[in-house]
Amino acid sequence: MTHVFRVRAPKANQLWLCLFDAAGETRLPMVRDGEHWCCDLTLAQGTRYGLRAAGPPPFDCSKLLVDPGATHLDGPFTYHPELCEPGLDTAALVPKAVVTRPLPPLPPRAPVFKAGGLIYEVNVRGFTMLHPDVPEELRGTVAALAHPAVIAHLRRLGVDAVELMPVVAWIDERHLPPLGLRNAWGYNPVVPMALDPRLCPGGMAELRATVEALRQEGIGTILDLVFNHSGESDLHGPTLSFRGLDDQVYARAPDGALINDAGTGNILDFGQPHVREMTLATLRHFVTQAGVDGFRFDLAPVLARSPGFDPNAAIFAEIAADPLLADRIMIAEPWDVGPGGYQLGAFPSTWLEWNDRFRDDVRRFWRGDGSAGALATRLAGSTDIFGTERTRSVNFVAAHDGFTLADTVAYAARHNHANGEQNRDGHADEVSWNAGSEGEGRGEDVRALLASLFAARGTIMLTAGDEFGRTQGGNNNAYAQDNATSWLNWSARDRDLERYVAGLAAWRRANAGIGAPGIRHDLTWSTIRGGAMNAADWEASYGLVMELPEGAGIRIDRASRIVDLLPPPRA
């Protein structure tokens, strides 16, 4: 097959295409075409290749580089200190890209998922590593999500879309291997389109088949993508791709220092058109090749920085104008760690946004230091943040980042010692509590939080395993725990809680007005005794009743830990 290689490296003096076979490495010089280097070759499918670049520092032709446009790798990234050392050849350490014929493009189809539905957040590897019904050879892979036992579970819960935590190839942060730890979440990618062989050994065909199997069951697929930074990290990080080809993709301060608005040592510069085009090309790739419904963007304010956050940033208009992307579901995690990084409510009106205010206000109410007024505002769709036309809120009470739902009511403080950072990592002030001692929780608190979530207007999100009481032993930052800490223990499921969640989902579906994303001024509020709410009632934390005209609603009595659904679910 004829393969066209086109790589951006505007400041390089020379690029080589490096082909690998049993005989070793063959270097072929590429030809400059403006800011790019090109080479057209007839190659067999499956040919393995990399790149080398020469030029003034920091170019280093001893470093084998992965094509930023690669879609298939022959193995995962593995951290080694020599990846960071100038002058040391890394061909033996870096995975090779593989020449692969694209799948036939899928015809345009509307997303399965619609705002107001239930999103189920999934760590692909941890989700099925211990699943007894999934064949061992499938466990921990994307293909496992299409297994009948998994699909049956999703259907019982009324899931409308799975949101897959990163499936793009990543590398461990350099401090993890010396600690004997591995990245379990995947939020440290290297190139944007190459699937991680550990999660998706069948490549794009595996992802496409799983997306289609879920779609046939009425379940959409949303990919969690990381465009805010890359695994090349700070100046002391590994040279793997962009750093060796075009390190100007990374945002820099006036003095040339890498900007660290993601807390990772580097961020991409979305003020540059080629960075935005690379991002859009990646989104189109996953739509046309896999048929996904949409995307969740990690630390999304970086997409609109150059260097400050701009709600009218070019990337938003470019996505909206793209015929392949305009109807996709776009979800922002609307904060990063840079200046002005908290931007909840500032994304385009067509985007959904993770709402941590919902999480914290609902938790505070049930902890006892919140108010009925704050709870009501969150249940009504957070109109104080998103306005009164339509709620764009993605409501959640727990997510991958932070305590599990069961741990939220069992631990008042983080217990992250296993992460090797002296318990300094993770959120230090998460809204949580216990029932008298660390590790001791009350099941009624979990149910109260879940009922509050399922009664909320807008889109709701449940993290896999929270429906049956998963615990991480109080670790609220289990990104480095690729082990039983973060793997779902299916044999220890709280099946009564699981049935309760399925009942909540059935009730929400039967009362469509609850989740409707359109804001209507039709909610009525009363005290748990049945009277009108007064100023003191709104400030108190003992409870309230929310009701729609058709009778659907929720009665919350915090003191008794009682949550009644209105009307009650059918037996």
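- In this structure, Glu173 contributes its side chain and Asn183 its backbone to no donor-acceptor pair below 3.5 Å.
- With hydrogens and angles disregarded, a donor-acceptor distance shorter than 3.5 Å links the side chain of Asp466 to the backbone of Leu405.
- Ring geometry, His400 versus Trp185: the interplanar angle exceeds 60°, so the pair is classed perpendicular (tilted spans 30 to 60°).
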Residue pair Arg414, Asn423: steps toward the side-chain contact (heavy atoms from CB on, under 4.5 Å) verdict: CA-CA 7 Å; Arg414 64 191 176 188; Asn423 204 35; 3.7 Å; yes
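- Distance check: Ile222 CD1 to Leu164 CG gives 9.0 Å after rounding to the nearest 0.5 Å.
- Once rounded to the nearest 0.5 Å, the distance linking CG of Leu488 with CG of Asn123 reads 8.0 Å.
- Nearest approach of Asn476 to Asp425, heavy atoms of both residues: OD1-O, 4.3 Å.
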From CA spacing to verdict: salt bridge (charged side-chain N to carboxylate O under 4.0 Å, His left out), Arg156, Glu467: CA-CA 11 Å; Arg156 276 196 300 273; Glu467 71 275 16; over 6 Å; no
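- Using a cutoff of 4.0 Å between basic side-chain nitrogens and carboxylate oxygens, Arg470 and Asp407 are not scored as salt-bridged.
- Separation of atoms CG (Asp445) and CZ (Arg363) is listed at 12.0 Å; rounding is to 0.5 Å.
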Full working for side-chain contact (heavy atoms from CB on, under 4.5 Å) between Leu225 and Val168: CA-CA 8 Å; Leu225 296 181; Val168 171; 4.2 Å; yes
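- Residues Asp537 and Arg529 share a closest heavy-atom pair of OD1-NH2, 4.0 Å.
- Using a 4.5 Å heavy-atom cutoff, the side chains of Pro339 and Asp261 are in contact.
- In the model, Thr463 has no side-chain atom that pairs as donor or acceptor with a side-chain atom of Tyr120 under 3.5 Å.
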Residues Arg252, Asp269; criterion salt bridge (charged side-chain N to carboxylate O under 4.0 Å, His left out); working and verdict: CA-CA 8 Å; Arg252 294 179 181 272; Asp269 184 358; over 6 Å; no
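- Of the inter-residue distances, the one linking Leu145 atom CG with His131 atom NE2 reads 10.5 Å to the nearest 0.5 angstrom.
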Test log, rule side-chain contact (heavy atoms from CB on, under 4.5 Å), inputs Asn395 and Thr459: CA-CA 6 Å; Asn395 303 316; Thr459 299; over 6 Å; no
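- Using the six-membered ring where Trp is involved, Trp354 and Phe396 have ring planes that are tilted, between 30° and 60° apart.
- Closest heavy-atom contact between Ser371 and Glu539: CB-O, 3.5 Å.
- Cation-pi check for Arg447 over Tyr500 is met; the charged atom lies under 6.0 angstrom from the ring centroid and within 45 degrees of its normal.
- Between the Arg367 side chain and the Val409 main chain, no donor and acceptor come within less than 3.5 Å of each other.
- In this structure, Tyr542 and Ile528 approach most closely via the heavy-atom pair O-CD1, 4.0 Å.
- Residues in residues 273-282 take part in these salt bridge (Lys or Arg N to Asp or Glu O under 4.0 Å) pairs, two or more places apart or across chains: Arg276-Glu318, Glu277-Arg284.
- Ring orientation note: the planes of Phe297 and Phe295 are tilted relative to one another, at an angle of 30° to 60°.
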side-chain contact (heavy atoms from CB on, under 4.5 Å) between Phe403 and His427, worked out: CA-CA 9 Å; Phe403 283 125; His427 201 309; over 6 Å; no
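- When each of Arg155, Arg508, Lys114, Arg509 is paired with Asp160, the salt bridge (Lys or Arg N to Asp or Glu O under 4.0 Å) condition holds for Arg509 and for no other.
- Using a cut-off of 4.0 Å between Lys/Arg side-chain N and Asp/Glu carboxylate O, Arg328 and Asp322 are scored as not salt-bridged.
- Rounding to the nearest 0.5 Å gives a distance of 10.0 Å between CH2 of Trp507 and CZ of Phe454.
- The side chain to side chain contact (heavy atoms under 4.5 Å, CB included) test with Asp356 singles out one residue from Asp401, Val431, Leu344, and that residue is Leu344.
- Applying the side-chain hydrogen bond (donor to acceptor under 3.5 Å, both in side chains) test to Ser526 and every residue at least two apart in sequence or in another chain returns nothing.
- Other residues, nucleotides and ligands contribute at most 12 non-hydrogen atoms within 6.0 Å of the CG atom of Asp429.
- The two residues Ala372 and Met533 have their closest heavy-atom pair at CB-CE, 4.2 Å.
- The two residues Pro334 and Glu353 come nearest to each other via the heavy atoms CB-OE1, 3.5 Å.
- A distance of 8.5 Å separates CG of Asn534 from OG1 of Thr527, quoted to the nearest 0.5 Å.
- Trp351 does not carry Arg392 over the face of its six-membered ring by the limits of under 6.0 Å from the centre and within 45° of the normal.
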